[in-house]
Structure formats: C-alpha cells, structure tokens
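For reference, the structure is listed below as structure tokens.
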There are 2 protein chains.
Amino acid sequence: MELDADFDAKLDKSGVRFTERDVELLEAIREHGSLNKAATELERSYSRSQQRIVELEDSFGQLVKRQRGGSGGGGSTLTENSEQLLGEFARLEAEFTGLTEVEETVFRGNVIYRDGELGTVETDAGDIRAIVPSVTDDVRVAVRSDAVTLHAANSVPETKTSARNQFQSTVTDIVDGDRLAQVMLDIDADTELIALVTQTSVKTLELTPGDAVLATFKTAGTRAYPVNPPYSE
Amino acid sequence: MELDADFDAKLDKSGVRFTERDVELLEAIREHGSLNKAATELERSYSRSQQRIVELEDSFGQLVKRQRGGSGGGGSTLTENSEQLLGEFARLEAEFTGLTEVEETVFRGNVIYRDGELGTVETDAGDIRAIVPSVTDDVRVAVRSDAVTLHAANSVPETKTSARNQFQSTVTDIVDGDRLAQVMLDIDADTELIALVTQTSVKTLELTPGDAVLATFKTAGTRAYPVNPPYSE
DNA sequence: GTCGGTTATATCGATGAGGAAACAACGGCA
DNA sequence: TGCCGTTGTTTCCTCATCGATATAACCGAC
C-alpha cells in the first residue's frame with residue numbers, strides 16, 4: 001500500500017483550536033436549526049456540544065445565536081462571524097488538500113550560495129534558486145508540478161520575468177488526466193521534471209513527445225528542506 | 001488576537017498514522033543510539049515507545065534496528081527506510097508550513113463555465129480560469145502570492161505559455177521583506193493582487209509604484225472553493 | 001396557565017492514550 | 001561465568017475527552 005499524506009487543519013485563536021469536528025457541529029446547527037438536533041444527528045452528547053460552543057465563543061466571539069424558549073421551544077442559528085470562520089477553514093482545507101494531491105519533482109543537492117533566506121542549490125539538473133533552510137547545505141528541492149510554467153521554446157528568451165528558474169527541456173511523455181495533463185520533461189538529469197498544465201495548454205503549445213519547451217518556475221515558490229533533520233542543538 | 005492557521009501533518013499507511021510525535025521518537029533514537037535513552041530523554045515511558053515502534057513497523061516496515069544484549073547492553077539505530085520516511089515527512093511539513101506563511105489574494109465570484117474539474121470564474125477583476133468545485137457556482141478563488149509571475153509589460157504578449165491567467169496591472173506598492181518582496185498590483189478590482197517575488201526580480205524588472213506590469217498565474221495552480229451558503233436551505 | 005422543545009448545567013461512567021513499575025531475555029565483554 | 005545496560009512484555013494506574021443522564025430555566029403559542 002502507498003504512503004498517503006494527510007493532515008488535520010486547525011485555526012487557532014487565543015489558545016483555542018477550531019477543528020474539523022467543530023466544523024461538523026456548526027454545519028449541523030445551520031442545517032437543523034437547533035443545537036439539540038445537531039448533536040443528536042451527529043450522535044454526540046448535547047451537553048458536550050453545548051459546552052464546546054461556549055468554549056469556542058470564549059475565543060472566537062459569538063458563533064451561534066441561541067434562543068431558549070419561544071416558538072418551537074427556541075433554536076439556534078449561525079452568526080455571520082461563524083460563517084466567515086467556516087469559510088476560512090474551508091479555504092485552508094482546500095489548499096492543504098491541493099498540496100497532498102499534486103505531484104512534485106524532488107532534486108537532491110547542495111546549497112552553494114546563500115543570500116538570506118534565499119539560496120542557490122546545485123543539483124544534477126543544474127542550479128536552482130530556492131528558499132533554503134539555514135541549518136544545513138545538504139538539501140532536497142521540491143518543485144510542485146502546478147508551479148511549473150511551460151513556454152514555446154522558440155519564444156523570446158524570458159529575461160524580463162520574475163521566474164528565476166528556467167530550464168530548456170524536451171517533452172518525454174504526456175500523461176493525460178481529466179482536464180489536466182502531466183507533462184514529463186527531460187532536463188538532462190536523472191529525474192524528470194513534471195509540469196501540470198491544462199489540456200488547453202497542451203494544444204496551444206502543440207506539445208508532443210520529443211518537442212523542445214522552456215520550463216520556468218519561481219524562486220519564491222520553490223522550497224528546499226534538509227535531507228536529514230540535523231541532530232544538533 | 002489574530003486567527004492562526006495550523007496543521008498536524010500525517011503519513012498514513014495501512015491504517016497507521018505516522019505523526020510528529022513519531023518523528024520526535026525516531027530522531028531521539030538516532031541521536032541517543034538507544035530506544036531506552038530516547039524515551040527517557042523525551043520523558044516518555046519506555047514500554048509505550050517500544051510498543052509504538054512495533055506498531056509502526058507493522059505497517060511501514062523495519063524502522064529501527066534494535067539489538068538486545070551485546071556491547072554496552074545493545075542499542076538501536078535507524079534504518080534507511082526510516083530515514084526516507086523522516087525525509088518525506090519533513091517535505092510534507094515544509095509544504096504545509098509554506099502554505100500557512102504565504103499571503104494570498106482571494107476573489108469572490110461565480111463559475112460561469114465548466115469543463116470537467118476546470119472552470120471559469122467571473123470576478124470583479126475579470127475572468128479567472130481555475131480548478132473549481134462541482135457542488136456550487138458561488139465560489140472564492142485563492143491565488144497564492146508565490147504563484148504569481150511578473151513580466152515586463154512591454155514584453156511580447158504571452159500567448160505561447162501555459163499560464164492561462166494573465167492580467168495587465170499597475171504596481172501600487174512594494175513591501176520589502178528580507179530577500180523577498182510583496183508587490184501589490186492594481187488589476188482594476190476591489191482587491192489588489194499580491195505577487196511574492198525576489199528582490200532580484202524587482203531590480204531586473206525595474207519595478208516601482210506606478211509601473212505597468214503583466215501578472216500571470218496558472219490554471220492548475222489556482223483553486224476555487226465553495227462559499228458557504230450563508231442562509232440557504 | 002399549560003404545553004413543548006429548546007438551551008443551560010452538573011454529575012457519573014465509558015473509553016482510550018500514555019505513564020510507572022516490575023521482570024525476563026539477551027549477548028558482548030572482562 | 002557473572003556483569004550490565006539494553007530490548008521485550010505484562011500489569012496496573014492516571015488523565016483527558018466524550019457520552020449518558022437528570023434537572024432546571026426559558027418563552028412563544030395555544
């Protein structure tokens with residue numbers, strides 16, 4: 001079985017952690033109109049759920065407008081503040097999910113030049129500008145396939161751009177997905193660089209295996225990390 | 001106090017989750033050469049730690065070479081397999097961390113065209129091609145600042161590229177960081193687009209407030225996510 | 001005023017993760 | 001052969017989280 005990257009997203013505020021579990025509770029309240037029904041539906045105890053809401057509101061401000069007594073016995077609705085919190089959480093989760101799903105190419109190399117948090121990593125594919133860790137020179141550089149932009153090889157040399165990493169490459173294979181395609185690129189190294197582009201781009205650039213193409217990616221979007229976390233201190 | 005995005009990274013295999021806590025244990029073993037000393041150093045019980053190792057190895061294969069008896073009573077060292085697992089985890093954490101630290105611009109809009117998982121989102125900044133959710137048309141589009149590439153405005157129109165989102169913009173401000181800079185861009189919308197680029201790029205492109213510049217970012221790297229239905233259903 | 005379903009609150013119990021302690025087995029080494 | 005500091009294993013305990021239950025307070029509708 002394959003190694004499967006996963007995560008638990010959280011939003012912290014004043015020491016309280018808003019988690020996936022809280023999202024479920026709030027959404028159930030929105031759906032059912034009462035904290036009681038929400039807890040029942042989720043098969044959770046009402047008392048704990050109610051206490052959790054109070055605890056969250058201590059840090060995050062009012063999340064649920066609760067009415068005790070009245071028409072239908074009362075009920076609960078979400079505040080606008082609550083909706084914003086849910087939106088923020090959804091965004092975070094979507095981003096994390098995106099990270100775990102996208103292929104990336106990893107190059108092993110050494111930091112041969114440093115300039116603050118930036119640096120140049122020497123790899124068998126050539127030098128790569130990236131954000132480098134300060135603890136060690138022995139690093140790996142990860143290039144996300146959705147961060148690699150392709151350009152027609154005969155286009156003007158891309159000097160006037162903020163993409164500081166540029167590689168002349170040859171298309172070796174195109175792996176078609178639904179509407180996206182992974183373009184495998186030979187950049188004269190052991191590892192192939194992968195670029196995730198739309199099928200539209202494949203057509204526009206008229207990409208077929210064997211074609212020359214210019215691959216670029218930004219320094220700011222490229223991150224190096226230590227090969228082995230140093231056991232220093 | 002500010003909302004603080006956080007996460008717990010995990011690597012799953014056969015139902016067992018490798019977490020930050022396991023990383024600490026393995027690294028302590030590497031540092032101290034014995035499971036016993038590692039557990040003591042981390043102020044954990046030896047028995048639990050040993051059981052955890054066995055549990056992990058059940059799914060992930062041998063992680064720790066343990067010798068009972070012998071010179072010095074024995075000891076433990078990490079396997080190559082273990083080092084690779086640690087490397088993979090470090091990479092994942094680095095990516096997640098990067099995500100929580102990078103600014104992004106969020107546009108609200110509606111999906112006006114769909115093509116499988118891709119789509120066009122109409123926003124006040126214009127149409128944006130992105131990966132869109134299938135559940136709703138009411139979305140927000142997040143553009144990571146480290147995914148936005150800048151080009152000299154007088155450069156040839158970028159038709160031959162896989163960056164399908166292109167905006168002619170005006171630099172309104174440049175916020176200098178250490179070696180990176182956030183370039184704030186007016187794209188004729190309420191929200192300013194932020195591009196994170198190196199100081200080198202700022203110089204190369206001779207960027208100053210008021211300048212025209214072409215900002216591009218890829219469809220495959222742009223993700224839309226549902227806006228929570230405020231009070232529907 | 002009564003009804004009814006809700007929120008609010010306290011107490012007890014179940015569950016699971018991890019710690020504490022004890023002890024056997026191991027195997028180079030003097 | 002005995003020593004010593006490991007690994008392996010078991011039993012019992014602690015603690016935190018959550019469910020289960022009971023009870024009171026609430027208030028519009030009838």
Short side-chain N/O contact to dG5(D) OP1/OP2 from Ser34(B), under 4.0 Å: no
Can you tell me the distance, in whole Å, between the [atom1] atom of [X] and the [atom2] atom of [N]?
| X | N | atom1 | atom2 | answer |
| --- | --- | --- | --- | --- |
| Asn36(B) | dT6(D) | CG | C1' | 7 Å |
| Asp22(B) | dA17(C) | CG | P | 13 Å |
| Ile29(A) | dT6(C) | CD1 | P | 13 Å |
| Leu25(A) | dT7(C) | CG | C1' | 14 Å |
| Glu43(B) | dT14(D) | CD | C1' | 16 Å |
| Tyr46(A) | dT11(C) | OH | C1' | 17 Å |
| Arg66(B) | dT9(D) | CZ | C1' | 13 Å |
| Arg17(A) | dT17(D) | CZ | P | 12 Å |

Contact pattern, 5' to 3', of nucleotides 25-30 of chain D - B, S or - by protein heavy atom under 4.0 Å: BBBSS-
Within residues 47-61 of chain A: residues closer than 4.0 Å to DNA chain D (heavy atoms): Ser47(A), Arg48(A)
Near-ring test Phe7(B)/Phe96(B), centroid separation under 6.0 angstrom: yes
Option from Arg44(A), Arg52(A), Arg30(A) for which salt bridge (Lys or Arg N to Asp or Glu O under 4.0 Å) with Glu24(A) holds: Arg44(A)
A side-chain contact here means heavy atoms from C-beta on lying under 4.5 Å apart; do [X] and [Y] qualify?
| X | Y | value |
| --- | --- | --- |
| Leu78(A) | Ile29(A) | yes |
| Val121(B) | Arg129(B) | no |
| Glu20(B) | Lys10(B) | no |

First encountered from the 5' end of DNA chain C, between Leu42(B) and Gly33(A): Gly33(A)
Short N-O contact, Asp6(B) and Arg17(A), less than 4.0 angstrom: yes
Between Gln67(B) and Ser76(B), a side-chain donor and acceptor under 3.5 Å: no
Asp4(B) atom CG: more than 12 heavy-atom contacts under 6.0 Å: yes
Ring geometry between Phe167(B) and Phe217(B) (parallel below 30°, tilted from 30 to 60°, perpendicular above 60°): parallel
